[in-house]
Amino acid sequence: MNRKFKSYALNLSAVLLIFLTLYTLIQSGAINKYYAGILIMIGINVIMTVSLNLTTGFLGELALGHAGFMSVGAFTAGIITKQLSTSLGWDPLACLPVSLLAGGILAAAMGFLIGVPALRLKGDYLAIITLGFGEIIRVILQNMQVTGGAAGISRVPRVNTFPLTYFIMIAVIIVMFTLGRSRHGRAILSIRENAVAAESTGISVTRYKIFAFTFAAFFAGIAGGLYAHQIGRVSAATFDFNKSIEYLVMVVLGGMGSITGSIIAAAVLTLLPELLRGFADYRMFLYSILLILMMLFRPKGLMGTAEFSLTLVWDAAAGFLRRTLRIRPRDHTPMLPDVPRYDVGEEAPVLETGRLGIRFGGLQAAENVNLQLYDNEIVGLIGPNGAGKTTVFNMLTGVYLPTEGDIRLMGRSIVGKKTYEIGADGIARTFQNIRLFKSMTVLENIKVAFHTRMHYSAASGIFRLPRYAREEAGIDLRARELLRVFNMEESADIRADGLPYGQQRKLEICRALATNPKVLLLDEPAAGMNPIETRELMETIGLIRDRFSVAVLLIEHDMKLVMGICERIYVLNYGRVIATGTPAEIRDNPEVVRAYLGHSNTGAKAEEGETHGNA
Amino acid sequence: MKKLVAVLVTLAMAVSFILPAMAEDTIKIGGIACLTGPAAMYGVGVKNGVDLYVSELNAAGGIDGKQVEVLWEDDEASADKAANAYNKLVQNDGVCAILGPVVSSATDAAADLAASDGIPLITASATAYYITTDRPSVFRTCFLDPFQGKVMAAFTAQELKATKVAAMYKNGDEYSVGLKDAFVTEAKALGLEVVAEEASADKDVDYKTQLTNIKDSGAEAIFLAYYGDVASLILTQANELGMDVMFTGGDGISNITDSISDKSLLTRMYYSDHFTNSADSEIVKAYLAGYQAMYGEMPSISFSATAYDAAKVLCGAIAAAGTTEPDAVVAAIKASSTEGVTGTITYDDHNDPIKSAFILTYDAQGNQVFVKQQDPQQ
């Protein structure tokens, strides 16, 4: 709390000091209109860069049409102010709140529209959509009567001021910071890190992509509105592909995912061309050389993904208020990994499939699969490669839609639900190849998985309302508690990809448990592990049975592990269940031996099992 | 923190830019032009025209014994860079007047600032109508798009005796769309049948689709609202399609000789311009000789001539006012009558020059041929 208070004081005084210094200098004329104009352009470009960083840096989707949103905001705001002030005789300054907001909202609507194709696309394909969309906006604006056609609109009252730009810029920066540290921000980050894993923890990738695009577009629209009232004229040709690239360069130079980096880069790249005016013809050359040098020496941008340590004004302000007003004494009562027992009778299975099957074209990948999982039970799913084990997992988690049969979770069918819905309903999974949110810390990995259990709105997150503070504090405790159960508490603040392999697997299991699942699917958790790591894994899985109320379904080739911890085993071959029973029964089942385990007299030798399984 | 850095950088910049004491014996004029970027050719042409006049003036003793200095800033043909350039020139360098900018959108941004500061600004090339509207201190030395559209429509009807015309233009380009609209409006008013209006996109190199449409429409003359580089492509491709039509165009055509390989095609091209090399007057001959001497080549675009005249109007007004005080200079420009290389320039209520357009064509070797002079009254 002391640290928070310090950072609050630091940030707020820095913001005010800079403002007062600049404002006094501008008012006294020491900073003349030329420099004031450049400062305002820096402010506008900071808003553009920081907002673009949301889609490009945080969401991780290359967006090549950000200038298009800016132009929508610029035209909307410009036209509204012009109309209100000329035909209704309003004071242009009074029109500003209306027109800026309208510009932002219309741009956000465009961002929403562009987010919709994101339903299906990502990466290069989405980048091309954004590029096309930006150009469409430009061409439409160039051909509409109301936007003045090719000439654009002229004589927008130039009523933008330095204080207005400065404080809007500060507000946008604060919102970006607070958003980034809310559950919504974490959800967006997790999509960048690993969309498949994010989906499996119950995060709707589509919804958050649209959210990020809409949000970024809103701020770009506001920046556009400021631009229109600063320059006094708007023509669509200004906001072409090159302009979008200019902002992208600022984001990349500052460091994708770093807000402070974006601020610095926007300031430097706005100043640079003006500073280089004296070099006349060599200007463009020098500008390019400087860019190349900066990228050579700082390939991840000036800041990488790091931020300056002065933490958030609002955060600290809230903390300070809380402390002085003693609104909420901190609650330190330890909560045990809250996994409530579900009221399921021992007889009723938690998860049940009935005649489950799927056909890919002519290939029957799974057929007539009947599984029952009871609470607090560890069940193995084994079989040779290609037997359809992962296919079953993919059907259970909604990745594939079964062509026949039914899946019932707690007695309710989940067939046809989306992956993230199933994740939220209570089926969690790990992956054959570990899918962590690599550049996030261990603790953050867990917190992402708590997403569906938190309920505060984006607004609560951005404005740090009490509900945000309450839930975040609670989740922090629970996440650490969960890590403690698995003996990983000391690793809480290191990056996930800094963990050793066995620990990464453990973290993935931990993360799956954090979604509060009723069923946990483990897909070859021992793959790639050495014997020591495998032993630890067995302990971990045992721990799950002891401490959590969850049914575990395990795919594994390591027979020592399977035979050691599973209570029941299903054996799958050619998409059919060929045997089911206790480990002992399975070991002695001749059909299983023929199909999978091989003729060595015991399946306990893991290597043997695996070799024969792979044969 | 980073804002602090920004402030420090800004302050350092301020200190380094604030010039020592302003010399009293020179008159400082600011020049804004697109000296880099795709429109650089026009910016450089304008700069050359202004620099030529000012060097001649200084050689002849300047204004009342004071030398004239023109400080140039690049606007890259963008509105925000033009605003920065204007502010730098007026605030940091203390210029008393502005010549330029070149393209209409950049000129609009700078002119708006000049109008609110009362600083005199003369553009040599912004032909859009609204540039000077309600801006008492803003002037120009070129004629307007509506005027040349009118002139060329009349010429097409009366001299080329065409009845069916087509127009080609570049979508999204302010100059091109404005000029095309002016031509089409007037052509319809004169009873011509506009059989096709074909648009192209920026940086297109193939115009055969549009030309084929026009060919099918039976047009006898095509109005090209383009600059010379594109017009030369269109002339070449129309020839390849075997089209037997005449071409007309506005002042943008004036640099077509730079880019066309088959000069004989140019005999089909008629366009309106601010200036003609072939005029017989002493003043034009002196201008061409001076340009040749200073730059080692003939001026390839007519904006060099309107820029020369803009400098002449401004310097003449400063001399007449006897001061660089903005209001006095503005009044002097308004009242001026200047014998320029593009004709006699006087100003109307809208701060536009009352002057003639020259209709020009070429011979088969690509030499400019004067066709007729179109006065504003007609």
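Please read these numbers as outputs of a predicted model, since none were measured by experiment. Note on naming: letters A, B, ... go to the chains in the order of the sequence lines (proteins, then strands), and numbering restarts at 1 for each one.
Interface remark: B:D173 contributes backbone atoms only to the contact with chain A (heavy atom separation under 4.5 Å). Using a 4.5 Å cut-off between heavy atoms, A:S154 touches chain B through backbone and side chain atoms alike. Proximity to chain A (any heavy atom under 4.5 Å) is shown, for B:T133, by both the backbone and the side chain. Proximity to chain A (any heavy atom under 4.5 Å) is restricted, for B:D117, to the side chain, taken from C-beta onward. With a threshold of 4.5 angstrom between heavy atoms, A:R158 approaches chain B through side-chain atoms but not through N, CA, C or O. Using a 4.5 Å cut-off between heavy atoms, A:A236 does not touch chain B at all.
Within 6.0 Å of the CG atom in B:D134, the count of heavy atoms belonging to other residues, nucleotides or ligands does not exceed 12. Around CG of A:N242, the count of heavy atoms belonging to other residues, nucleotides or ligands within 6.0 Å exceeds 12. Crowding of A:F285 atom CZ: a count of heavy atoms from other residues, nucleotides or ligands under 6.0 Å not exceeding 12.
Distance check, rounded to the nearest 0.5 Å: OH of A:Y34 to CG of B:L89 gives 9.0 Å. If you take CG on B:D112 and CD1 on A:I231, they are separated by 10.5 Å, rounding to the nearest 0.5 Å.
Comparing B:D202, B:V177, B:N171 by heavy-atom pairs within less than 4.5 Å of chain A, the highest count is held by B:N171. Ranking B:A201, B:A83, B:A85 against chain A, the residue ahead of the rest is B:A85, based on heavy-atom pairs under 4.5 Å.
Side-chain atoms of A:R155 and B:R135, non-hydrogen and from C-beta on, do get closer than 4.5 Å to each other.
Of all heavy-atom pairs spanning A:E274 and B:N84, the tightest one is OE2-ND2, 3.0 Å.
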